[in-house]
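Just so we're on the same page: letters track the sequence lines, and every chain starts at 1.
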Amino acid sequence: MDQLYTPSTEKCELVSASKGTVKFLLDYSKSLSIVKAEGMVFENNLN
Amino acid sequence: MELLQADDAILIKRYRGGDERALEVLINRYNQRISSFIYSKVFDKEITEDIFQDTFMKVIRTLKLGKYNEEGKFLPWVIRIAHNLVIDHYRKSNRMPRYETSEEYNIFAIMQDGSLNAEHQLIKDQIESDLEGLIAQLPEDQQKVIQMRMYREMSFKEIAESTGVSINTALGRMRYALINLRKLIEENSIVLTN
């Protein structure tokens with residue numbers, strides 16, 4: 001009888017985001033300014 | 001040292017209070033777990049990195065907007081955001097048209113000259129992607145109006161009915177959305193022309 005199963009291609013691997021991505025997120029956080037005025041929310045990216 | 005051992009809830013409180021180091025501790029604490037979760041769904045390291053970045057951009061915005069209220073359940077909350085972004089990623093990939101050429105049907109035979117060439121298509125895609133990123137930075141009510149008006153071509157009357165506000169409020173939100181978008185475009189020096 002034919003083998004009907006296909007080999008599993010699923011990989012379980014531990015990965016981490018790079019230091020560059022982490023730095024980008026920290027810079028993004030520092031530059032993001034949120035101001036609330038009269039019920040409105042204004043977002044600014046202070047680059 | 002003190003921050004490294006602090007609970008998630010304390011770190012979130014410190015971050016909301018303006019301590020940016022608390023965010024760094026949170027990102028580093030869960031970097032591997034969240035990245036590996038995303039990787040287990042997409043099997044591509046670059047896409048994993050992109051989704052990880054988008055996930056934490058959402059986390060940062062939500063925390064800064066003061067909308068986070070699941071104290072003590074930070075990781076499941078972030079995983080849920082990452083999971084939704086993975087679904088969005090697959091939705092976007094499936095939206096790409098796929099054509100198979102056969103003897104009776106050849107896509108190249110019906111392609112029109114009026115369509116964009118590869119370079120212009122690339123630029124157009126880049127502009128659309130930049131615009132999506134900018135819209136994502138707007139407050140949620142402004143995002144909704146832009147999406148309903150620009151992408152779903154709804155009238156302001158329909159938008160007002162759908163969001164439960166007056167037509168004037170919907171118009172006002174659209175106006176502020178455009179003002180904010182212009183500001184973002186200027187601040188980031190983005191060129192949105194083909």
Side-chain angles (χ1 to χ4, degrees), chain A, chain B residues 15 18 20-24 26-28 30-46 48-57 59-67 133-134 136-143 169 172-173 176 179-181 183-189:
Chain A
M1 190 177 167
D2 284 342
Q3 171 64 271
L4 296 176
Y5 301 103
T6 53
S8 173
T9 53
E10 291 203 1
K11 296 167 276 182
C12 185
E13 199 180 318
L14 289 177
V15 293
S16 291
S18 68
K19 282 182 183 172
T21 300
V22 174
K23 187 178 179 306
F24 169 84
L25 288 168
L26 297 174
D27 289 342
Y28 170 76
S29 167
K30 281 176 198 157
S31 67
L32 183 66
S33 153
I34 291 173
V35 181
K36 290 179 184 174
E38 293 178 17
M40 297 288 292
V41 182
F42 298 97
E43 288 188 33
N44 276 317
N45 216 307
L46 311 167
N47 274 325
Chain B
Y15 176 61
E20 295 284 335
R21 288 171 309 155
L23 175 70
E24 190 174 359
L26 278 171
I27 294 177
N28 288 329
Y30 295 118
N31 184 347
Q32 193 179 61
R33 274 199 257 179
I34 295 163
S35 296
S36 301
F37 166 78
I38 299 167
Y39 185 72
S40 73
K41 309 281 176 209
V42 298
F43 302 114
D44 182 298
K45 286 186 182 164
E46 277 184 30
T48 298
E49 196 107 6
D50 285 348
I51 295 177
F52 179 87
Q53 186 176 298
D54 290 348
T55 302
F56 267 94
M57 283 172 83
V59 167
I60 289 165
R61 281 190 66 243
T62 309
L63 290 177
K64 287 216 171 191
L65 283 164
K67 288 183 181 170
L134 293 174
Q137 291 183 49
L138 293 174
E140 215 170 286
D141 49 7
Q142 293 174 23
Q143 278 185 40
T169 306
R173 284 179 181 173
Y176 280 114
I179 291 170
N180 274 340
L181 269 179
K183 274 190 209 163
L184 281 170
I185 290 166
E186 276 173 24
E187 279 161 12
N188 293 292
S189 307

How many angstroms lie between atom [atom1] of [X] and atom [atom2] of [Y], to the nearest 0.5 angstrom?
X: B:I179; Y: A:F42; atom1: CD1; atom2: CZ; answer: 8.0 Å
X: A:K30; Y: B:I60; atom1: NZ; atom2: CD1; answer: 11.0 Å
X: A:S16; Y: B:N28; atom1: OG; atom2: CG; answer: 9.5 Å

- Between B:S35 and A:A17, what is the shortest heavy-atom contact and its length? OG-N, 3.1 Å
- Item | Largest heavy-atom contact set with chain A, pairs under 4.5 Å, which of B:M57, B:R173, B:E24 | B:M57
- Message: Looking only at heavy atoms and a cut-off of under 4.5 Å, which of B:Q137, B:K183, B:Q142 has the most pairs with chain A?
- Response: B:Q137
- Side chain to side chain, B:F56 and A:T21, heavy atoms closer than 4.5 Å: no
- Message: Taking the side chain as everything from C-beta on, heavy atoms only, tell me whether A:S29 gets closer than 4.5 Å to B:E20.
- Response: yes
Let me know if [X] has heavy atoms under 4.5 Å from chain A in its side chain, its backbone, both or neither.
X: B:L65; answer: both
X: B:Y15; answer: side chain
X: B:E140; answer: neither
X: B:D141; answer: neither
X: B:L138; answer: backbone
X: B:R33; answer: neither

- Note on the structure: Taken in chain and number order and not counting sequence neighbours, the residues that satisfy side-chain hydrogen bond (donor to acceptor under 3.5 Å, both in side chains) with B:K64 are none
- Using side-chain hydrogen bond (donor to acceptor under 3.5 Å, both in side chains) as the criterion, list what pairs up with B:T169, not counting sequence neighbours. B:S166
- Structural part of A:L26 lying under 4.5 Å from a heavy atom of chain B: both
- Query: Quick one: does B:E49's side chain have a donor or acceptor within less than 3.5 Å of a partner on A:S18's backbone?
  - Reply: yes
- B:Y176 atom OH, over 12 foreign heavy atoms within 6.0 Å: no
